[in-house]
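A short worksheet on the structure shown next.
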Amino acid sequence: MVKNVAIIGTQWGDEGKGKIVDILSEYTDIVVRFQGGNNAGHTVKVGEDVFILHLIPSGILHPGKICVIGNGVVIDPQALLEEIDTLKKNGHFLDDSALLISEDAHLIMPYHKKLDQLKEKIKGTSKIGTTGRGIGPAYEDKVARCGIRCRDLLNDRVMREKIKKNLLEKNHLIKNILHEDGFEVYEIYHQYNEYAERIKGYITNTSLFLNQAIKNGKRILFEGAQGTLLDVDLGTYPYVTSSNTVAGEAATGSGIGPTRIERVIGITKAYTTRVGGGPFPTELNDKNGKALRLKGEEYGATTGRPRRCGWFDSVAARYSTRVNGLDGLVITKLDVLDEFDKIFISTAYKYKGSILEEFPSDSFILDECEPVYEIMNGWKSNTTDIKEFSGLPKEAQDYIRRIEELTGVEAIMISVGAKRKEAIMIKNPFEE
Ligand code: GDP
Ligand code: IMO
Ligand code: MG
């Protein structure tokens, strides 16, 4: 029995990680978020109910599972409490012991959110299109060693001192350089004191908890946020988020050793989407792009922005396979392609007259790459109710087999609709 599995987005996010984590939660004891913050929006549809989770692991909808927010996450307490309240109001998360929050996770402060929005405003044409949730500035402070962590919420004096110190610099930047109103120490201090009262019961040493759980033979699912191509080191820099989104971060961001992660599963849409700025070689600005957006309901789960849509990019998928060490693929939203006559897959890029087989690490090169397409026949029939791989139309099977060939990774699950039951499990990653 495989005990520890990481779920990673292989594209630019929104691959359907939430849905897949929800399905796999049944087979695990613990679900861990290990990076990012409430820039993530993970949608889970259960019956007619739709939940969009931003910070709390998608396993929370399964009673009896422990959900952990690891040290690699940045937490906006206000967003966290709103999420907790919404879950409870809808009859979920009734047992408070189901959530553990790392004492080492950094806090998103009001000035982070303001700076995120102000800095983006002055970027002009090179906007990254951040979610404006303060993610980047919070990670900046973490690396600059002046961040405020969950453990600080438990100590009044430390909290006040850290807010005071940070505001000296932040207020200077906000008032004198960005010409906006600054913040008052006491206001933030009181606000965060109130948050602390409600959150402190969840804060603990999650690294210790997870390592003990591993020792005791518990099964753990690591839930990635964003996608590989948004990774701050390995993504399409600078058009990325501010954390590591690749599989390695499942270890760093939760305080376990990399040897403990036994299987890494990449979640990939059957096509590609991206929200925000940055290069996207297979993007479609035509009726096919519109059709993908319409059928796939491609609007941001966090910001509501229309997602940019395009064909499946096997060059990018091969890259994701490499940098994550993928053991298996979950291909989502196959049903979105049900109506297409012809389906395109990019197999290489053309760049200044030469053919690139490997994903370029330079965003400016990527921006000038033209995809080389292979064209496959569509299946023109509804796949949503199909429960077995062999029940899929031959053209759909061929499409999946071709993705496997091009990436060198086997497909272990095919998702054919947004609901929990609309999936074809080929191989359960928790089984040998
Ligand atoms: P995440 O951020 O990776 O969890 O993905 P999002 O929740 O942001 O976006 C995925 C969207 O696709 C959500 O609206 C899901 O409900 C939906 N979805 C997931 N899997 C499927 C699928 O197989 N078919 C269809 N049609 N929708 C899906
Ligand atoms: P999930 O987990 C898609 C994108 C933003 C922007 C860039 C930087 O739902 O897949 P940030 O606010 O992180 O500084 O924004 O990253 N982005 C996402 N795109 N899905 C996400 O999360 C994203 N989280 C951030 O649109 O381009
Ligand atoms: Mg999302």
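For ligands, and for the atoms within them, numbers begin at 1 and follow the listed sequence. Numbers for residues simply follow the sequence, beginning at 1.
- At least one N or O atom of E15, backbone or side chain, sits closer than 3.5 Å to an N or O atom of ligand 1.
- The shortest N or O to N or O distance between G16 and ligand 1 is under 3.5 Å.
- Counting heavy atoms under 4.0 Å from ligand 1, residue R307 touches it through the side chain alone.
- If you number the atoms of ligand 1 from 1 as listed, the ones under 4.0 Å from a heavy atom of G417 come out as 20 (N), 21 (C), 22 (C), 23 (O), 24 (N), 25 (C).
- Between T332 and ligand 1, no pair of N/O atoms sits closer than 3.5 Å.
- By the 4.0 Å N-to-carboxylate-O rule, D398 lies too far from R402 to be salt-bridged with it.
- Listed by atom number, the atoms of ligand 1 under 4.0 Å from H42 heavy atoms are 1 (P), 2 (O), 4 (O), 7 (O).
- Using a cut-off of 4.0 Å between Lys/Arg side-chain N and Asp/Glu carboxylate O, R307 and E297 are scored as not salt-bridged.
- Here D14 has heavy atoms under 4.0 Å from ligand 1 in both its backbone and its side chain.
- In summary, the atoms of ligand 1 found under 4.0 Å from a heavy atom of S415, numbered by their order in the structure, are 20 (N), 21 (C), 22 (C), 23 (O).
- The pair E140-K119 meets the salt-bridge criterion, with a side-chain N (NZ, NE, NH1 or NH2) lying under 4.0 Å from an Asp/Glu carboxylate O.
- Looking only at heavy atoms of the protein, atom 19 (C) of ligand 1 is closest to K19 CD, 4.0 Å.
- At a heavy-atom distance under 4.0 Å, only backbone atoms of V416 (N, CA, C or O) approach ligand 1.
- Nearest to atom 12 (O) of ligand 1 among the protein's heavy atoms is K333 NZ, 2.8 Å.
- Listed by number with element, the atoms of ligand 1 under 4.0 angstrom from any heavy atom of G18 are 4 (O).
- Taking the six-membered ring where the residue is Trp, Y399 and W379 present tilted rings, their angle falling between 30° and 60°.
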(message) Show, in sequence, the C-alpha distance, side-chain angles and deciding distance for K380 and D341, and conclude whether the side-chain contact (heavy atoms from CB on, under 4.5 Å) test is met.
(response) CA-CA 7 Å; K380 306 279 286 174; D341 278 326; 3.2 Å; yes
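- We find that D76 and R133 are not joined by a salt bridge, their nearest charged nitrogen and carboxylate oxygen being 4.0 Å or further apart.
- The Mg ion (ligand 3) has D14 OD1, G41 O as protein N, O or S atoms under 2.8 Å away.
- Within 4.0 Å of ligand 2, contacts by protein heavy atoms are made from W12, G13, D14, K17, N39, A40, G41, H42, I128, G129, T130, T131, A225, Q226, L230, V240, T241, V275, G276, R305.
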